[in-house]
Amino acid sequence: MLNFKRNDLCLEDVKLSSLAEKFQTALYVYSKKQLLENFRSYKDACGKETLICFACKTNSNAAILKLLANEGAGADTTSGGEIFRCLSAGFSPSKIVYAGVGKTAEEIEYALKNKIFMFNVESFEELAAIDKIAAKLKTKTRFAFRVNPDVDPSTHSYIKTGKKGTKFGIPIEDAVNAYLNAKKYKNVEALGIHSHIGSQILDIKPFKEAALKIKKTISEIEKNGLRIEYINCGGGLGIAYQKSQKAPLPSKLFSEIFNVFKGENRKFIFEPGRSIAANAGHLLCKVIYRKKSGGKSFLITDAAMNDLIRPTLYEAYHDIIPVKKSAAKKVKSDIVGPICESGDFLGKDRMLPVLAQGEYLLITCAGAYGAAMSSQYNSRPMLAEVLVDGASAKLIRKRNSYKDLLFNEM
Ligand code: LLP
């Protein structure tokens, strides 16, 4: 949805420079059209028996969640707080699934009281806890064991989750016994099986490899008289952060996975996050100062690692573009923030036209794990967020004030 109108970079029909002037920078900006298009590329390709649960850890802004809830999305949650946010945004509890290795008793109780659809259970002790709390509340619930299929998606090591030795799920070789042992619990019903192998995955092969292992496991489980109705394949589909990258379409993911289970009467859940939100959002910032030091050029912006931690945490690449087209000669620069750490960078060695102080830059594809992972480090107030819809732009999160920095402190 980014496009140039003459020399001005626009999001849908709104000039980014006008958003910067109206709402100040640094600022998260989102395209409603892109967000909905991304969600529909899942929904339209998946068929009736498949539930698309947006992984709301990706972007949990209330307005963004509401848009997706209105489209009929379900939600993949990972904490009591996320369940609260999703319920507030209007997601039906019957479409909420809940994963996470460390669900507390309070969170389990909250999820049970709100009658969420399914727990994605990550350990035997967790299942025992859910059963006990359900008994106390005189209720019953449904679960899927999250299995660790030991496949290696080639992605950053911090976001590989389906490889042996990570903290996630139970080893797939223990799954049959786990389901058989679970029969002793009277307040939890085994309804499905879950796996999430990692994030920013650009190859379908590891998804298929995991699906084949799961198919084999299900057949062994079912030989023992149990029935696995739902297969939850998690999220993880990547996006093209750089022109050299190519991301598979959701339809390709579905065709490969559905093919593995052809002829079996199953229902499916997918939990995409990044592939729905990432390219729908961007971080707009301003060049405050320029300087040369140690043979390098630096552009110092009013956005920093606390606003977008991905570059420093995962060495992630986000394309950075000036919001005014320029014929000026290009120089190699590091784009850095004002925080007191050398790790505070948004991009390194980028060829950008010579920019003046006060010019605006767009850090692209920051709609996933951008605002959601931001902090107030260095006492930098949380940024404002704006949703663009055609030619209009609406504030969906107010910028925090200095006073907000003291919230809840005594
Ligand atoms: N389901 C589960 C159980 C997950 O843990 C995740 C993400 C997803 C679904 C959604 O995955 P996606 O479709 O977004 O790849 N902060 C990192 C990514 C962490 C992913 C955590 N789990 C980043 O900025 O790259």
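For reference, positions follow the sequence shown, starting with 1.
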Side-chain heavy-atom pair [X], [Y] within 4.5 angstrom cut-off:
X: Asn187; Y: Thr139; value: no
X: Tyr110; Y: Ile83; value: yes
X: Tyr30; Y: Asn59; value: yes
X: Lys267; Y: Thr50; value: no

Any side-chain donor near an acceptor of the partner, [X] and [Y], under 3.5 Å:
X: Ser275; Y: Tyr42; value: yes
X: Gln200; Y: Tyr314; value: no
X: Asn378; Y: Asn306; value: no
X: Ser392; Y: Asp389; value: no
X: Ser199; Y: Arg274; value: yes
X: Lys398; Y: Asn400; value: no

Under the 3.5 angstrom rule, does the side chain of [X] hit a backbone N or O of [Y] as a donor-acceptor pair?
X: Asp131; Y: Leu127; result: no
X: Thr166; Y: Thr161; result: yes
X: Ser18; Y: Lys15; result: yes
X: Thr77; Y: Ser79; result: no
X: Lys140; Y: Val188; result: no
X: Glu256; Y: Lys252; result: no
X: Lys246; Y: Ile239; result: no
X: Glu107; Y: Gly80; result: yes
X: Arg266; Y: Ile228; result: yes
X: Asn232; Y: Ile193; result: no

Any idea which heavy atoms bring [X] and [Y] closest together, and the distance?
X: Arg380; Y: Leu405; value: C-CD2, 4.4 Å
X: Cys56; Y: Leu65; value: CB-CD2, 3.7 Å
X: Pro322; Y: Leu9; value: O-CD2, 4.2 Å
X: Pro272; Y: Ile276; value: CG-CD1, 3.6 Å
X: Val176; Y: Thr217; value: CG2-O, 4.3 Å
X: Ala356; Y: Arg290; value: CA-NH1, 3.7 Å

- Task: Please list all pairs passing the side chain to side chain donor-acceptor pair (under 3.5 Å) test where one or both residues lie in residues 356-375, with sequence neighbours left out.
- Result: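 Every pair satisfying side chain to side chain donor-acceptor pair (under 3.5 Å) with a residue in residues 356-375: there are none.
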
- Item | Listed once per pair and sorted, the side chain to side chain donor-acceptor pair (under 3.5 Å) pairs that draw on residues 189-198, sequence neighbours left out |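 Every pair satisfying side chain to side chain donor-acceptor pair (under 3.5 Å) with a residue in residues 189-198: His194-Glu271.
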
- Item | Aromatic Tyr317 / basic Arg310 pairing, under 6.0 angstrom, 45° off normal |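 Here Arg310 fails the 6.0 Å and 45° test against Tyr317.
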
[atom1] of [X]: more than 12 outside heavy atoms within 6.0 angstrom?
X: Gln242; atom1: CD; answer: yes
X: Arg6; atom1: CZ; answer: no
X: Lys22; atom1: NZ; answer: no
X: Lys215; atom1: NZ; answer: yes
X: Glu315; atom1: CD; answer: no
X: Asn265; atom1: CG; answer: no
X: Lys32; atom1: NZ; answer: no
X: Lys5; atom1: NZ; answer: yes

Salt bridge check, [Y] against [X]: does any charged N sit closer than 4.0 Å to a carboxylate O?
X: Arg399; Y: Asp404; result: no
X: Glu109; Y: Lys113; result: yes
X: Lys348; Y: Asp334; result: no
X: Glu37; Y: Lys33; result: no

- Message: Just to verify, which of Phe268, Tyr230, Phe254 counts as forming a ring pair (Phe, Tyr, Trp, His ring centres under 6.0 Å) with Phe261?
- Response: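 It is Phe268; the other options fail the test.
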
- Message: Go through it in stages, so that I can follow the logic: the residues are Leu387 and Ile64, the test is side-chain contact (heavy atoms from CB on, under 4.5 Å), and I'd like the CA-CA distance, side-chain angles, deciding distance and then a yes or no.
- Response: CA-CA 8 Å; Leu387 182 69; Ile64 300 282; 4.3 Å; yes

Distance (rounded to the nearest 0.5 Å) between [X] [atom1] and [Y] [atom2]:
X: Asn177; Y: Glu220; atom1: CG; atom2: CD; answer: 10.5 Å
X: Leu355; Y: Leu361; atom1: CG; atom2: CG; answer: 5.5 Å
X: Ile159; Y: Ile197; atom1: CD1; atom2: CD1; answer: 11.5 Å
X: Lys286; Y: Thr301; atom1: NZ; atom2: OG1; answer: 11.0 Å
X: Leu2; Y: Leu16; atom1: CG; atom2: CG; answer: 6.5 Å
X: Asn3; Y: Glu12; atom1: CG; atom2: CD; answer: 9.0 Å

- Message: For a side-chain contact (heavy atoms from CB on, under 4.5 Å) check, start with the C-alpha distance between Ile133 and Leu137, then their side-chain angles and the critical distance, and finish with the verdict.
- Response: CA-CA 6 Å; Ile133 298 167; Leu137 297 176; 4.2 Å; yes

- Message: Checking Leu284 against Leu19 for the side-chain contact (heavy atoms from CB on, under 4.5 Å) test, could you report, in this order, the C-alpha distance in whole Å, the side-chain angles of both residues, the deciding distance, and whether it holds?
- Response: CA-CA 9 Å; Leu284 183 57; Leu19 290 181; 4.3 Å; yes

- Message: If you apply the rule ring-ring contact (aromatic ring centres under 6.0 Å, His included), what do you find for Tyr28 with His282, and how did you get there?
- Response: CA-CA 6 Å; Tyr28 271 101; His282 312 278; 9.7 Å; no

- Quick check, are the ring centers of Tyr98 and Phe119 under 6.0 angstrom apart?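 Between Tyr98 and Phe119, the centre distance is under 6.0 Å.
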
- Task: On the 0 to 90° scale, with breaks at 30° and 60°, tag the Tyr179-Phe143 ring pair as parallel, tilted or perpendicular.
- Result: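 Geometry flag for Phe143 against Tyr179: parallel rings.
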
- Task: In sequence, state the C-alpha distance, the side-chain angles, and the governing distance for Glu222 and Arg227, and then conclude on salt bridge (Lys or Arg N to Asp or Glu O under 4.0 Å).
- Result: CA-CA 6 Å; Glu222 291 189 340; Arg227 161 93 185 130; 3.5 Å; yes

- Query: Given the rule in the side-chain contact (heavy atoms from CB on, under 4.5 Å) test, do Ile170 and Phe145 qualify, once you have shown the distances and angles that lead to the verdict?
  - Reply: CA-CA 7 Å; Ile170 58 168; Phe145 271 119; 3.9 Å; yes

